[in-house]
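Treat the numbers as computed from the prediction; the structure is a model and nothing was measured. Heads up: numbering here begins at 1 and tracks the sequence.
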Amino acid sequence: MNQRKKTILCLFLIFSTALLLCSFTTFRQETGNGSASVVTARTPVGKNGGRTIWTRSFASPDGSCTFNSDPVICGSVLYIANGQTLYQVDKKKGTVLHTMRLSARTNAICHMLLEGNSLMIPLSGGKIECVDIRNMTSRWQSRAFGGQSLSTLYYKDGLLYAGTTVMTSGTDCTGVFYCISTKDGSTQWTYEDPAHPGGYYGSGAISRGGRLYFTGDNGILVSHSLTKDTVYDTVPLTTKNGIRAGLTYDPGTASLYTADTEGTVYRIPISGDGTIQKKNIRVSSAAPAARSVHCTSTPAVCHGRLYIGCIADGYGCLSVLDARDLRLYYKAKGAKGAEIKSSPLLSTGYASAKNNNRIYVYVSANHPPGGIYYLADESTSVRGTLQTLYTPAKAKQYCMSSITADREGNLYYSNDSNTLFAVAGPVKSAAAKKPGKPSGIKIKKKKTNIYISWKKTTKKSQTILYLKYGRGKWAKKVIKTKTKYRAGRKQNTLRLRFRCRIRRNKKWIYSDYTKTYKVKYR
């Protein structure tokens, strides 16, 4: 293999390794295979986290109204778009490494997607721009489908799926759902329902059994071909309310889940060939006893439990339901006026049989200060309390952002101040530092005795003196406070060595050994 081929292979392996370390390459890391919004990292909990690593403002210099995209995390960097700029940011320090000017501005919601080295970015005008993250250059731009790009993006086998939203009056809207090639951005098919108009505001697609499913503001679930302009089925989940939440798949129940804007939660069973089992669709509420509910949170499912945010009777609320029958276990009440719009992030990093598979659920709340809140939930829990994990010291604002996590358990999110917050994962217990070994060792012979003295590195450490007479075995003497010892004469030679020990967290930590000293009586 010549040197040029070796260099190319080396670069490929380095970049491939970086991609393997990527986490949250799209909103909720939804791939259609389950475990969306679920991480195994040990995320911050109580006193073990909630510390600021860094913050970075991406506010527009001209003061225009812009919003941060969700961050895409890959290896040691992350990518975030704001306005007409894409930023590559050092994940550890928050410093901007590279920037790129995009062909159009982002909208209020921007869920980017990374596939390989291609970062797909939804932009105003209803189009997608593909950026090569290796050199931060534009690879292609799709056709502009019109309106705003507010839906989530979904990738499958070289194709990208997304929707647009065109606001008509009040909360009414229309839109187009489309499929494009990730090779060159060419349009594969588009979908509209003139009889039931509706946009795709925060909703999105998912695939199962070789079919694509998506919902929108018209409340209709569509089963569509992945590659062709073919509709297999449509199911009106609601004729009254729109759906501004994504779809979540749970392999445990072989079902899709979503919710409409008034908090009605839907479980939609899907057969192996992708057929919607209409007769088995279950419906419940995120807050059954509430007089008024509003919901745009995408459900998350783990260990047979479903988690979803909303606002119920004027208070933010995180609801926990049985994923099979949608029975409400309990609601964790948040602050007044602080709707939980974010999709919950779930951490299984602490789950064990001893703690009943305890998971930690993280959300933001759409009210100042715009921090992070979490719930500890176990398989036996019938009540729970939302706790504050993180409150911004500055840049307090409203917040619709969902929380993302890297492989180390650090959390990332933005609020409406255009500030991206990096919040520390658990404090790693530092490796216990060894005490220093004894120094200043002096050995003196007087008649039939040997007098030994030394210095300790700390007053709290104890000295361990090891003695060996002639060919005998080593004997150990623990000397707690003194720094001298008298050894009697038993053989013609005496070997000795030292080390110290100190007690930390109920464990003894030992220093290295000193060299071995040899003393002859004559």
**Between CD1 on residue Ile80 and CE on residue Met112, distance to nearest 0.5 Å** = 7.0 Å
**Item:** Sidechain-backbone polar pair: Arg282 side chain, Pro269 backbone, donor-acceptor under 3.5 Å
**Value:** no
**Message:** A side-chain contact here means heavy atoms from C-beta on lying under 4.5 Å apart; do Asn418 and Thr66 qualify?
**Reply:** yes
**Request:** For Arg244 and Ser203, test the side chains for any donor-to-acceptor distance below 3.5 angstrom and give the result as yes or no.
**Result:** no
**Complete:** What one should report as the nearest heavy-atom pair of Ser343 and Ser37 is OG-OG, 3.8 Å
**Sidechain-backbone polar pair: Tyr413 side chain, Gly370 backbone, donor-acceptor under 3.5 Å** = yes
**Asked** Can you list the steps and then say if Arg324 with Thr253 is a side chain to side chain donor-acceptor pair (under 3.5 Å)?
**Response** CA-CA 7 Å; Arg324 189 163 295 277; Thr253 57; 5.9 Å; no
**Message:** Between Gln84 and Arg105, is there a side-chain donor-acceptor contact under 3.5 Å, judged purely by atom types and distance?
**Reply:** no
**Item:** Closest non-hydrogen atom pair, Tyr315 against Gly334
**Value:** CD2-O, 3.7 Å
**Item:** Side chains of Asp416 and Gln397, donor plus acceptor under 3.5 Å
**Value:** no
**Request:** Look at the aromatic rings of Trp189 and His224 and report parallel, tilted or perpendicular, splitting at 30° and 60°.
**Result:** parallel
**Prompt:** Residues two or more places apart in sequence or in another chain: which of them pass salt bridge (Lys or Arg N to Asp or Glu O under 4.0 Å) with Lys91?
**Reply:** Asp406, Glu408
**Item:** Side-chain heavy atoms of Ser69 within contact of Phe67, under 4.5 Å
**Value:** no
**Item:** Aromatic contact, Phe214 with Tyr191 (centres under 6.0 Å)
**Value:** yes
**Item:** Plane angle bin for Phe177 and Tyr200 - parallel if under 30°, tilted between 30 and 60°, otherwise perpendicular
**Value:** perpendicular
**Message:** Would the distance check show the side chain of Arg305 and the main-chain N or O of Val320 forming a donor-acceptor pair, the cut-off being under 3.5 Å?
**Reply:** no
**Side chain proximity check, Leu386 to Ile340, heavy atoms < 4.5 angstrom** = yes
**Message:** Which residue in the set Leu221, Thr238, Leu256 passes side chain to side chain contact (heavy atoms under 4.5 Å, CB included) when paired with Tyr266?
**Reply:** Thr238
**Request:** For this output row, return yes or no: ring centroids of Tyr87 and Phe58 closer than 6.0 angstrom.
**Result:** yes
**Request:** State the CG-OG distance between Asn107 and Ser124, to the nearest 0.5 angstrom.
**Result:** 5.5 Å
**Prompt:** Passes side chain to side chain contact (heavy atoms under 4.5 Å, CB included), Ser57 versus Thr419? Steps please.
**Reply:** CA-CA 4 Å; Ser57 174; Thr419 301; 4.2 Å; yes
**Asked** So, does Asp260 use its side chain to make a donor-acceptor pair with the main chain of Thr264 at under 3.5 Å?
**Response** yes
**Asked** Between the side chain of Gln188 and the main-chain N/O of Ser186, is any donor-acceptor distance below 3.5 Å?
**Response** yes
**Item:** Derivation of the side chain to side chain donor-acceptor pair (under 3.5 Å) call for Glu129 and Ser103
**Value:** CA-CA 8 Å; Glu129 181 164 12; Ser103 60; 2.9 Å; yes
**Message:** Which residue is it: Ile73, Leu119, Val89? I am looking for the one with a side chain to side chain contact (heavy atoms under 4.5 Å, CB included) to Tyr79.
**Reply:** Leu119
**Message:** Between Tyr257 and Leu306 (side chain of the first, backbone of the second, donor and acceptor by atom type, cut-off under 3.5 Å), is there such a pair?
**Reply:** no
**Asked** Would you say the side-chain atoms of Asp325 pair up with the backbone N or O of Arg327, donor to acceptor, closer than 3.5 Å?
**Response** yes
**Message:** What verdict does the side chain to side chain contact (heavy atoms under 4.5 Å, CB included) test give for Tyr154 and Ile206, after you've listed the backbone C-alpha separation in whole Å, the side-chain angles of each residue and the deciding distance to 0.1 Å?
**Reply:** CA-CA 7 Å; Tyr154 183 74; Ile206 195 173; 4.3 Å; yes
**Request:** Answer yes or no: is there a side-chain heavy-atom contact under 4.5 Å between Val363 and Ile403?
**Result:** no
**Prompt:** Checking side chain to side chain contact (heavy atoms under 4.5 Å, CB included) for the pair Leu328/Ser319: CA distance, chi angles, key distance, verdict?
**Reply:** CA-CA 7 Å; Leu328 179 71; Ser319 297; 4.0 Å; yes
**Prompt:** OH of Tyr201: more than 12 outside heavy atoms within 6.0 angstrom?
**Reply:** no
**Message:** Can you classify the ring geometry of Tyr360 versus Tyr350 as parallel (below 30°), tilted (30 to 60°) or perpendicular (above 60°)?
**Reply:** perpendicular
**Request:** Give the intermediate values and the outcome of side chain to side chain contact (heavy atoms under 4.5 Å, CB included) for residues Ile276 and Tyr232.
**Result:** CA-CA 10 Å; Ile276 300 171; Tyr232 296 125; over 6 Å; no
**Asked** Do we see a donor-acceptor contact under 3.5 Å between the side chains of Ser118 and Arg139?
**Response** yes
**Asked** Would you say the side chain of Tyr178 lies within less than 4.5 Å of the side chain of Tyr161, judging by non-hydrogen atoms?
**Response** no
**Prompt:** Can you tell me how far the OG atom of Ser207 sits from the OH atom of Tyr249, to the nearest 0.5 Å?
**Reply:** 10.5 Å
**Short side-chain to backbone donor-acceptor contact, Arg56 and Gly94, under 3.5 Å** = yes
**Request:** State whether a side-chain donor-acceptor pair under 3.5 Å links Thr248 with Arg28.
**Result:** yes
**Main-chain N/O of Leu389 paired to Gln387 side chain as donor or acceptor, under 3.5 Å** = no
**Prompt:** Would you say Thr26 and Thr152 make side-chain contact, with heavy atoms under 4.5 Å?
**Reply:** no
Pairs under 3.5 angstrom only: tabulate donor-acceptor contacts from the side chains of residues 286-303 to other protein residues two or more places apart or in another chain.
| residue | atom | partner | partner atom | Å |
| --- | --- | --- | --- | --- |
| His294 | ND1 | Glu339 | OE2 | 3.0 |
| Ser297 | OG | Gly309 | N | 3.2 |
| Ser297 | OG | Ser342 | O | 2.8 |
| Thr298 | OG1 | Gly246 | N | 2.8 |

**Item:** Ring-face cation of Arg383 near Tyr330 (centre distance under 6.0 Å, axis angle within 45°)
**Value:** no
**Item:** Closest non-hydrogen atom pair, Arg267 against Ser255
**Value:** NE-OG, 2.9 Å
**Request:** Would you confirm whether Asn366, through its side chain, and Cys399, through its main-chain N or O, come within 3.5 Å as a donor-acceptor pair?
**Result:** yes
**Item:** Thr43 versus Tyr362, side-chain donor and acceptor atoms under 3.5 Å
**Value:** yes
**Item:** Any Thr182 side-chain heavy atom under 4.5 Å of Leu159 side chain
**Value:** no
**Message:** Could you measure the distance from the CG atom of Leu346 to the CG atom of Asp377? Nearest 0.5 Å is fine.
**Reply:** 9.5 Å
**Request:** Would you please test Ser414 and Asn68 for side chain to side chain donor-acceptor pair (under 3.5 Å) and show each step?
**Result:** CA-CA 7 Å; Ser414 299; Asn68 288 347; 3.0 Å; yes
**Request:** Taking the side chain as every heavy atom from C-beta outward, state whether Val235 and Ile281 have any pair of such atoms under 4.5 Å apart.
**Result:** yes
**Item:** Qualifying residues under side-chain contact (heavy atoms from CB on, under 4.5 Å), relative to Asp90, sequence neighbours excluded
**Value:** Lys92, Lys93, Thr95, Leu97
**Prompt:** So how far is it from Ile180 CD1 to Thr187 OG1, rounded to the nearest 0.5 Å?
**Reply:** 7.0 Å
**Separation of Leu102 CG from Asn82 CG (nearest 0.5 Å)** = 10.0 Å
